[in-house]
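Accompanying notes for the structure given below.
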Number of protein chains: 2
Amino acid sequence: MRWDEIDQQPCSIARTLSVVGDRWTLLILRECFMGVRRFEVFEERLGMSRHRLSDRLQRLVEDGVLRKEPYQDKPLRHEYRLTDKGKDLYPVLLSLVRWGDRWMDQGKGPPVIYRHRGCGKLTTPVLTCSECGEPLGARDVMPLAGPGLRADKQGA
Amino acid sequence: MRWDEIDQQPCSIARTLSVVGDRWTLLILRECFMGVRRFEVFEERLGMSRHRLSDRLQRLVEDGVLRKEPYQDKPLRHEYRLTDKGKDLYPVLLSLVRWGDRWMDQGKGPPVIYRHRGCGKLTTPVLTCSECGEPLGARDVMPLAGPGLRADKQGA
DNA sequence: AATATTGGTTCTATTATGGAACTATGTCAA
DNA sequence: TTGACATAGTTCCATAATAGAACCAATATT
């Protein structure tokens with residue numbers, strides 16, 4: 001199976017990965033959430049080739065994750081900003097951070113810590129049940145066929 | 001920057017992606033969480049080449065996400081099982097599911113829905129603050145330098 | 001002895017990526 | 001009015017990664 005066929009499965013993980021699942025995209029989005037909007041700044045902070053960066057940004061715009069907006073004319077220049085669809089990827093980023101903090105910190109503790117503006121405390125994000133608020137682990141959850149699944153095969 | 005240098009940044013997202021950030025790994029882990037343990041079953045359900053599958057499983061074992069255990073001898077056969085480190089990736093998968101359900105369902109609704117065994121209700125996972133339980137969005141959280149960051153550069 | 005089962009490895013053609021050089025549109029200073 | 005600077009790309013080529021098919025290995029079954 002080639003990568004461009006990956007989103008054809010009735011699986012939300014595969015479909016999400018078809019948008020953000022390549023090697024650079026989630027790092028690009030990390031920069032977006034840190035306020036980066038311009039091509040040169042992405043390039044400099046990410047250390048990726050302009051070639052790939054250009055391609056990836058364009059695709060993210062096509063996929064509705066970023067939008068390209070002029071910030072000046074003469075010469076016309078654009079910047080890349082998160083759409084609502086893009087902003088909604090924040091929990092994905094945070095859960096990646098959480099795992100990296102716990103398992104990949106090289107014994108030095110997390111490189112970045114987070115203060116929750118709401119309650120003022122340092123927070124470690126937890127994925128919880130929307131209905132009862134309890135944390136969700138693999139064993140706590142029972143997957144069932146949903147409306148998006150007909151006579152189709154696998155999914156998650 | 002090449003991919004094998006990516007984990008050298010003081011950034012938990014980059015470090016996590018250095019383990020699970022290639023095109024197939026998170027789909028392999030999806031299967032693990034659905035109970036798949038054997039090479040042939042991974043191959044059949046994922047539709048990826050044996051070549052890549054073999055390579056990826058091996059790397060996941062090296063990285064401590066899966067462990068390889070014999071389930072019979074004569075002939076000796078192994079299966080791949082999630083370690084604690086691997087199981088802890090569940091929130092990453094669930095947050096990918098959540099986004100795909102919301103933005104990539106092609107108007108048909110989610111392919112899979114989840115019942116929380118704890119409270120018995122259908123649940124949509126929410127990332128919340130460990131301290132106060134409120135949902136966390138990008139604007140609700142203030143990143144600060146953590147102990148893992150010294151004179152280093154960027155991070156998240 | 002031939003076939004099946006499971007779990008791989010090897011090989012080659014195709015595709016993706018990194019990195020350097022080049023292009024385009026303007027500004028500004030000498 | 002020429003030359004340097006700034007921003008945002010695009011083009012080109014060598015290298016790396018991937019898909020897919022064929023092959024290999026240990027043992028069981030017929």
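Reminder, nothing fancy here: chain letters follow the sequence lines and each chain counts from 1.
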Nearest to side-chain heavy atoms of A/Y71, which nucleotide of D/dA26, D/dG9, D/dT7: D/dT7

The nucleotide from C/dG26, D/dT10, C/dG7 with an atom nearest the side chain of A/R50 is D/dT10

Answer with base, sugar-phosphate or nothing: what part of the nucleic acid does [X] contact at a heavy-atom distance below 4.0 Å?
{"X": "A/R77", "value": "base"}
{"X": "B/R52", "value": "sugar-phosphate"}
{"X": "B/H51", "value": "base"}
{"X": "B/M48", "value": "nothing"}

Gap between atoms [atom1] and [atom2], on [X] and [N] respectively (whole Å):
{"X": "A/L76", "N": "D/dA8", "atom1": "CG", "atom2": "P", "answer": "10 Å"}
{"X": "A/E40", "N": "D/dC5", "atom1": "CD", "atom2": "P", "answer": "15 Å"}
{"X": "B/F39", "N": "C/dT9", "atom1": "CZ", "atom2": "P", "answer": "7 Å"}
{"X": "B/R56", "N": "C/dG8", "atom1": "CZ", "atom2": "C1'", "answer": "17 Å"}
{"X": "B/D22", "N": "D/dA16", "atom1": "CG", "atom2": "C1'", "answer": "14 Å"}
{"X": "A/D4", "N": "D/dT18", "atom1": "CG", "atom2": "C1'", "answer": "12 Å"}
{"X": "A/E43", "N": "D/dA6", "atom1": "CD", "atom2": "P", "answer": "14 Å"}
{"X": "B/K68", "N": "C/dT6", "atom1": "NZ", "atom2": "P", "answer": "16 Å"}

Assign each of A/W24 and A/P75 the nucleotide of DNA chain C bearing its closest heavy atom; nearer the 5' end lies the nucleotide of A/W24

Comparing B/E79 and A/D55 on DNA chain C - which has the more 5′ nearest nucleotide: B/E79

Residues, nucleotides or ligands: over 12 heavy atoms within 6.0 Å of A/R59 CZ: no

Could you tell me whether the side chain of A/V19 reaches within less than 4.5 Å of the side chain of B/W99, counting heavy atoms only? yes

So, A/T83 and A/R67: side-chain donor and acceptor under 3.5 Å apart, yes or no? no

Whether A/D88 and A/K85 form a salt bridge (side-chain N of Lys/Arg under 4.0 Å from carboxylate O of Asp/Glu) is what I want to check. no

Salt bridge check: are B/R37 and B/E79 linked by an N-O gap of less than 4.0 Å? yes

[N] phosphate, OP1 or OP2: any side-chain N/O from [X] under 4.0 angstrom?
{"X": "A/W3", "N": "D/dA19", "value": "no"}
{"X": "B/Y80", "N": "C/dG8", "value": "yes"}
{"X": "A/S54", "N": "D/dT10", "value": "yes"}
{"X": "A/K74", "N": "C/dC28", "value": "no"}
{"X": "A/R23", "N": "D/dA16", "value": "no"}

Using the closest heavy atom to pick a nucleotide of DNA chain D for each, name whichever of A/R2 or A/R38 lands nearer the 5' end. A/R38

Whichever of A/M1 and A/Q58 has its nearest DNA chain D nucleotide further upstream toward 5': A/Q58

Got a donor-acceptor contact below 3.5 angstrom from the A/D63 side chain to the A/V65 backbone? no

